[in-house]
Amino acid sequence: MSLAVIQMVTQADVRANLAEAGRLLAQAAANGAGLAVLPENFAAMGHSDMPALARAEALGQGPILPWLKRTARDLRLWIVAGTLPLPPDGQPQGKPNACSLLIDEHGEQVARYDKLHLFDVDVQDERGRYRESDDYAPGHELVLADTPFGRLGMTVCYDLRFPELYTALRLAGAELISAPAAFTALTGAAHWQMLIRARAIETQCYVLAAAQGGEHPGGRMTYGHAAIIDPWGRVLHELEQGPGVLLARRDSAGQGNIRQRMPVTGHRRFSVPRIVAGTQE
């Protein structure tokens, strides 16, 4: 079965965004996808109260989690749900995390990754200042999950600038890496493709780089260029702007051959901690 990467132009209306995501996921499933990655903030961009949205989801009163589980079940599709706001586990009143959830084909949550690196930067665009930590708390754990399509390491957007995270995922056995994102137009034009290709090359993994690509509330512009990158760093498919679906098959034999011919993991001359779900080895 194929791997799918989805690009969206998400707005503030959660239910309208879910309807659009559902349309794109159905398109992916109809074309043979078994695993699909939604972009960062797929359910809301520019929403006025992310903590309230997170609390409603945690209490079972929000629209996003039931929709995710139902859609995965109905389409018989594994879904990486880009990011959505959820309170820290066991702390329903806390500042939410930006969570990437892995839902299996039966609608069950298999993994939760809380975005580690928050986008607190100054960018020379019309907005100028981004402070993700105003709305979210950072995560603390690396997360991998076994899927029928390969072992998946989970990352989000700004994580791409921290290669040690990807090295740790590779050492823990990652074969696929999800990277849902909402890069700004300016930083995306400068760095997006270089980063996703570099992360694929150094880990010898498929990188599934879902993206936001267009104009959002408040005039925010995202770069788009969702892509699927193979373990040799080749761009298999790419979409510049606007909503759409990209599909590719994982060549596990070819991936194994790349790793055998260039055994970079065995050549490493320094130690990298193996950190998975909060434990160090």
How long is the span from the [atom1] atom in [X] to the [atom2] atom in [Y], to the nearest 0.5 Å?
X      : Y      : atom1 : atom2 : value
Ile177 : Met154 : CD1   : CE    : 12.0 Å
Leu65  : Leu84  : CG    : CG    : 5.5 Å
Asp104 : Leu77  : CG    : CG    : 10.5 Å
Phe183 : Gln212 : CZ    : CD    : 13.0 Å
Thr222 : Glu215 : OG1   : CD    : 9.5 Å
Arg23  : Leu18  : CZ    : CG    : 14.0 Å

Hey, mind stepping through Leu160 and Ile196 against side chain to side chain contact (heavy atoms under 4.5 Å, CB included) and telling me if it holds?
CA-CA 7 Å; Leu160 284 162; Ile196 58 177; 3.8 Å; yes
Carefully, step by step, assess Gln204 and Glu175 under the rule side chain to side chain donor-acceptor pair (under 3.5 Å).
CA-CA 8 Å; Gln204 299 171 321; Glu175 297 163 313; over 6 Å; no
Where do [X] and [Y] come nearest, in terms of heavy atoms and distance?
X      : Y      : answer
Tyr223 : Gly188 : CE2-O, 3.4 Å
Ala43  : Thr10  : C-CG2, 4.0 Å
Arg129 : Asp134 : NH1-OD2, 4.4 Å
Leu236 : Ala248 : CD1-CB, 4.0 Å
Val235 : Ala227 : CG1-CB, 4.4 Å
Ala36  : Leu25  : CB-CD2, 3.7 Å

[Y] backbone acceptor or donor facing [X] side chain under 3.5 Å:
X      : Y      : value
Asp114 : Cys99  : no
Thr83  : Asn41  : yes
Arg151 : Ala174 : no
His191 : Ala189 : no
Asn17  : Asp13  : yes
Arg250 : Ser2   : no

Could I get the full list of side-chain hydrogen bond (donor to acceptor under 3.5 Å, both in side chains) partners for Arg249, not counting sequence neighbours?
none
Listed partners of Tyr136 passing side-chain hydrogen bond (donor to acceptor under 3.5 Å, both in side chains), at least two apart
none
Does the side chain of [Y] come within less than 4.5 Å of [X]'s, by heavy atoms?
X      : Y      : answer
Leu152 : Val80  : yes
Trp232 : Met262 : yes
Thr155 : Tyr166 : yes
Gln7   : Pro39  : no
Leu208 : Leu35  : yes
Phe149 : Leu176 : yes
Pro87  : Glu57  : no
His117 : Leu165 : yes

For the residue pair [Y] / [X], report whether a side-chain donor-acceptor contact shorter than 3.5 Å exists.
X      : Y      : answer
Ser133 : Asp120 : yes
Asp159 : Tyr113 : yes
Glu238 : Gln193 : yes
Asp251 : Tyr206 : no

Is Glu132 paired with Lys115 through a side-chain N to carboxylate O contact shorter than 4.0 Å?
yes
Are [Y] and [X] connected in a single hydrophobic cluster, I mean Ile/Leu/Val/Met/Phe/Trp/Tyr linked by side-chain heavy atoms less than 4.5 Å apart?
X      : Y      : result
Leu118 : Val123 : no
Leu142 : Tyr158 : no
Ile201 : Val207 : no
Trp67  : Leu101 : yes
Leu247 : Ile6   : yes

How about CD on Gln124, more than 12 heavy atoms from neighbouring residues, nucleotides or ligands closer than 6.0 Å, or not?
no
Does Glu202, at its CD atom, have more than 12 non-hydrogen atoms belonging to other residues, nucleotides or ligands within less than 6.0 Å?
yes
Arg112 vs Leu102, side chain to side chain contact (heavy atoms under 4.5 Å, CB included): CA-CA, chis, key distance, verdict:
CA-CA 6 Å; Arg112 166 178 167 159; Leu102 176 63; over 6 Å; no
Test of understanding: with ring-ring contact (aromatic ring centres under 6.0 Å, His included), list the residues that count as partners of His216, not counting sequence neighbours.
none
Sole candidate of Thr184, Asp125, Thr187 that passes side-chain hydrogen bond (donor to acceptor under 3.5 Å, both in side chains) when paired with Tyr130
Asp125
Taking the cut-offs as 6.0 angstrom to the six-membered ring centre and 45 degrees off its axis, would you call Arg161 and Trp192 a cation-pi pair?
no
CA sep, side-chain torsions, deciding dist, call: Asp122, Arg131, side chain to side chain contact (heavy atoms under 4.5 Å, CB included)
CA-CA 9 Å; Asp122 298 318; Arg131 292 295 181 268; 3.2 Å; yes
Between Ile258 and Asp230, is the side chain to side chain contact (heavy atoms under 4.5 Å, CB included) condition met? List the steps.
CA-CA 10 Å; Ile258 288 169; Asp230 81 358; 5.6 Å; no
